[in-house]
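The block underneath contains the structure these notes are about, expressed in structure tokens.
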Amino acid sequence: MDLLLSPLHQRHEALGAKFSEFGGWSMPLEYAGGGVLTEHKAVREAVGLFDVSHLGKALVRGTGAAGFVNRCLTNDLGRIAPGKAQYTLCCSEDGGTVDDLIAYLRSEFEVFLIPNAANTAEVVRRLRAAAPEGVEVVDQHRDYAVLAIQGPLSDELLEALGLPADHEYMSFTKGTIDGVELTVCRTGYTGERGYELVVAAEDAVPVWDAVMAAGESLGIRACGLGARDTLRTEMGYPLHGHELSAEVSPVMARAGWAVGWSKPEFWGKAALERQREEKTVRTLRGLLAEGRGIPRPGMAVHDADGHVLGEITSGTFSPTLRQGIGLALLDRTVADGDTVSVDVRGRVQAFTVTKPPFVQPSTKES
């Protein structure tokens with residue numbers, strides 16, 4: 001199958017991007033003239049621009065749309081008002097994670113969803129199959145582009161563009177750039193203060209150009225999926241297919257904070273309540289290298305006697321800390337502060353168990 005291309009693909013080619021397949025899309029992994037470490041540093045210290053148009057988009061609309069979504073997904077939409085966004089999960093009846101996504105509550109009649117690229121069709125299929133009369137689920141995956149502006153200078157960049165900035169974390173509002181209407185969401189996946197711009201696909205190029213031009217004096221860099229992964233791992237943010245999957249539930253991923261436990265219903269509720277009560281499943285922990293080892297997904301984690309405690313789900317070199325970090329699903333007997341070992345390319349390396357984030361986030365700063 002041919003890979004899908006972002007509406008900004010030619011801009012990435014012009015910047016010398018190295019491309020990688022991700023969720024069925026060809027997306028920039030890193031750009032010439034810098035690479036992952038430089039792009040990571042730009043986001044932590046100045047501002048970076050990501051094309052995340054591969055992310056899914058779906059609209060649930062009609063009478064009772066918000067109530068319907070609330071009966072399906074884990075988090076409680078009743079906790080937020082229109083104009084706010086919410087991290088939530090779509091689970092199967094056995095508690096496995098079909099996807100984790102952001103729900104944007106426009107009104108009781110409209111909820112806009114941004115799932116992961118590879119899972120959009122399945123999320124839409126499940127919602128359509130369950131939708132009552134009068135509720136429509138529209139797949140808008142190719143209709144919109146998403147640009148993520150992330151970093152401590154994000155507000156300055158938005159102000160230079162004439163866009164609204166400084167609204168509350170996990171809220172969204174409307175804006176325009178050179179007459180192009182878009183949605184400005186104070187969300188992101190890096191741990192830094194930032195915004196995501198949702199714009200019609202046909203308007204993506206002029207918006208990208210305007211953002212890059214306005215950010216030049218601020219040290220803006222185009223950033224690819226490589227930096228996105230190192231940034232999110234430093235925060236301990238889950239990636240579907242790694243920390244969440246059909247076999248890894250929100251309880252296992254320690255994402256119970258995104259579950260509306262008091263709601264009368266949501267998909268997978270009985271199974272998740274059972275896991276929460278029995279406390280027998282492995283749970284997600286952070287690992288910090290004591291030496292030079294860099295953990296990678298699939299590597300086994302052992303105790304001092306060589307017994308397997310679990311396995312690495314994500315691992316990387318932290319550009320901020322200058323050491324290896326990882327996320328791992330481990331037995332509940334493991335506690336923060338314990339020392340465990342990982343066989344890294346034939347050498348046993350020691351790691352300290354810790355609770356992410358590894359780097360102090362500034363996402364919610366006012």
Side-chain angles (χ1 to χ4, degrees), residues 3-9 11-12 17 19-29 39 43 48-60 69 73 75 85-90 97-106 111-127 137-150 154 170 172 182-192 194-205 207-208 211 222-229 231-233 235 237-245 255 258 314 363:
L3 295 178
L4 298 173
L5 301 181
S6 161
L8 293 161
H9 189 79
R11 287 295 184 267
H12 304 320
F19 291 92
S20 176
E21 186 278 333
F22 193 82
W25 291 66
S26 177
M27 297 300 294
L29 182 66
E39 294 165 19
V43 174
L49 175 62
F50 299 80
D51 175 15
V52 289
S53 300
H54 63 295
L55 292 175
K57 304 98 190 167
L59 180 65
V60 183
V69 171
L73 306 184
N75 215 333
Q86 185 180 70
Y87 178 78
T88 188
L89 303 107
C90 175
T97 309
V98 176
D99 197 26
D100 62 328
L101 59 159
I102 303 289
Y104 296 84
L105 181 61
R106 293 177 176 171
V111 183
F112 184 65
L113 303 175
I114 296 193
N116 286 289
N119 302 328
T120 301
E122 179 61 13
V123 170
V124 168
R125 185 194 70 77
R126 287 173 178 260
L127 289 169
V137 182
V138 185
D139 188 339
Q140 298 183 326
H141 200 161
R142 303 300 302 277
D143 297 345
Y144 293 96
V146 183
L147 282 65
I149 297 170
Q150 300 285 298
S154 294
M170 296 297 283
F172 60 96
L182 45 78
T183 302
V184 183
C185 314
R186 196 178 156 199
T187 47
Y189 194 52
T190 66
E192 295 296 333
Y195 301 85
E196 292 177 307
L197 310 181
V198 181
V199 59
E202 61 268 24
D203 294 323
V205 169
V207 170
W208 173 277
V211 173
C223 301
L225 294 180
R228 191 167 181 260
D229 192 58
L231 290 158
R232 71 94 189 170
T233 305
M235 291 299 109
Y237 292 159
L239 175 63
H240 195 275
H242 292 253
E243 288 71 44
L244 292 163
S245 69
S314 291
T363 314

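Side-chain atoms are counted along with the backbone in the values below, which use heavy atoms only and exclude waters and symmetry mates. Throughout, residue positions are numbered sequentially from 1 according to the sequence presented.
When atom types are taken as modelled, the side chain of Thr190 and the backbone of Gln150 share no donor-acceptor pair closer than 3.5 angstrom. Distance alone, capped at 3.5 Å, places no donor-acceptor pair between the Lys57 side chain and the Ile114 backbone. Although no hydrogens or angles enter the test, the distance criterion places a donor-acceptor pair under 3.5 Å between the side chain of Glu39 and the main chain of Gly224.
Summarising the geometry, atom CG belonging to Leu29 is positioned 11.5 Å from atom CD belonging to Glu21; distances are rounded to the nearest 0.5 Å. One distance of note links CD of Glu196 with CD1 of Ile102; it measures 7.5 Å at 0.5 Å rounding. Within the model, atoms CE of Met27 and CG of Asp51 stand 4.0 Å from one another, a figure rounded to the nearest 0.5 Å. Thr120 contributes atom OG1, which lies 7.0 Å from atom CG of Asp99 (distance to the nearest 0.5 angstrom). Here the OH atom belonging to Tyr237 is positioned 10.0 Å from the CG atom belonging to Leu231, to the nearest 0.5 angstrom. Annotation: the span from Ile149 atom CD1 to Cys223 atom SG amounts to 11.5 Å, rounded to 0.5 Å.
Val98 approaches Glu122 most closely through the heavy-atom pair CG1-CG, 3.8 Å. The minimum heavy-atom distance linking Ala145 with Ala204 is given by the pair CB-CB, 3.6 Å. Taking all atoms of both residues into account, the shortest heavy-atom contact from His240 to Asn116 is CB-ND2, 3.9 Å. Closest non-hydrogen pair, Leu5 versus Ser26, comes out as CD2-CB, 3.8 Å. Contact record, Ala201 with Pro7: O-CB, 3.7 Å, taken as the closest heavy-atom pair. The two residues Arg228 and His54 come nearest to each other via the heavy atoms NH1-NE2, 4.2 Å.
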message: Show, in sequence, the C-alpha distance, side-chain angles and deciding distance for Leu3 and Phe19, and conclude whether the side chain to side chain contact (heavy atoms under 4.5 Å, CB included) test is met.
response: CA-CA 11 Å; Leu3 295 178; Phe19 291 92; over 6 Å; no

- request: Given side chain to side chain donor-acceptor pair (under 3.5 Å), test Tyr87 with Asn75 step by step and report yes or no.
  value: CA-CA 7 Å; Tyr87 178 78; Asn75 215 333; over 6 Å; no

message: Between Leu89 and Leu73, does the side chain to side chain contact (heavy atoms under 4.5 Å, CB included) criterion hold? Intermediate values first, please.
response: CA-CA 6 Å; Leu89 303 107; Leu73 306 184; over 6 Å; no

Pair Leu113-Val137, side chain to side chain contact (heavy atoms under 4.5 Å, CB included): steps then yes or no: CA-CA 10 Å; Leu113 303 175; Val137 182; over 6 Å; no

query: For Leu101 and Cys90, what are the C-alpha separation, side-chain angles and deciding distance, and is it a side chain to side chain contact (heavy atoms under 4.5 Å, CB included)?
result: CA-CA 8 Å; Leu101 59 159; Cys90 175; 4.2 Å; yes

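Considering only heavy atoms from C-beta on, Met235 stays 4.5 Å or farther from Tyr189 through its side chain. Proximity of Cys185 to Val198: side-chain heavy atoms (C-beta onward) are separated by under 4.5 Å at one or more points. At a threshold of 4.5 Å between non-hydrogen side-chain atoms, the residues Thr88 and Asp100 do not count as touching. Side-chain contact between Trp208 and Leu49 is present, with at least one heavy-atom pair separated by less than 4.5 Å. Counting heavy atoms from C-beta on, the side chains of Asp229 and Leu239 come closer than 4.5 Å.
In summary, the side chains of Thr363 and Arg186 do not present any donor paired with an acceptor at a separation below 3.5 Å, with no hydrogens or angles considered. For the 3.5 Å distance criterion, the side chains of Glu243 and Ser314 qualify, holding a donor opposite an acceptor.
Relative orientation of the Phe112 and Tyr104 rings is tilted, given thresholds of 30° and 60° on the angle between their planes.
Two rings, from Trp25 and His141, have their centers less than 6.0 Å apart.
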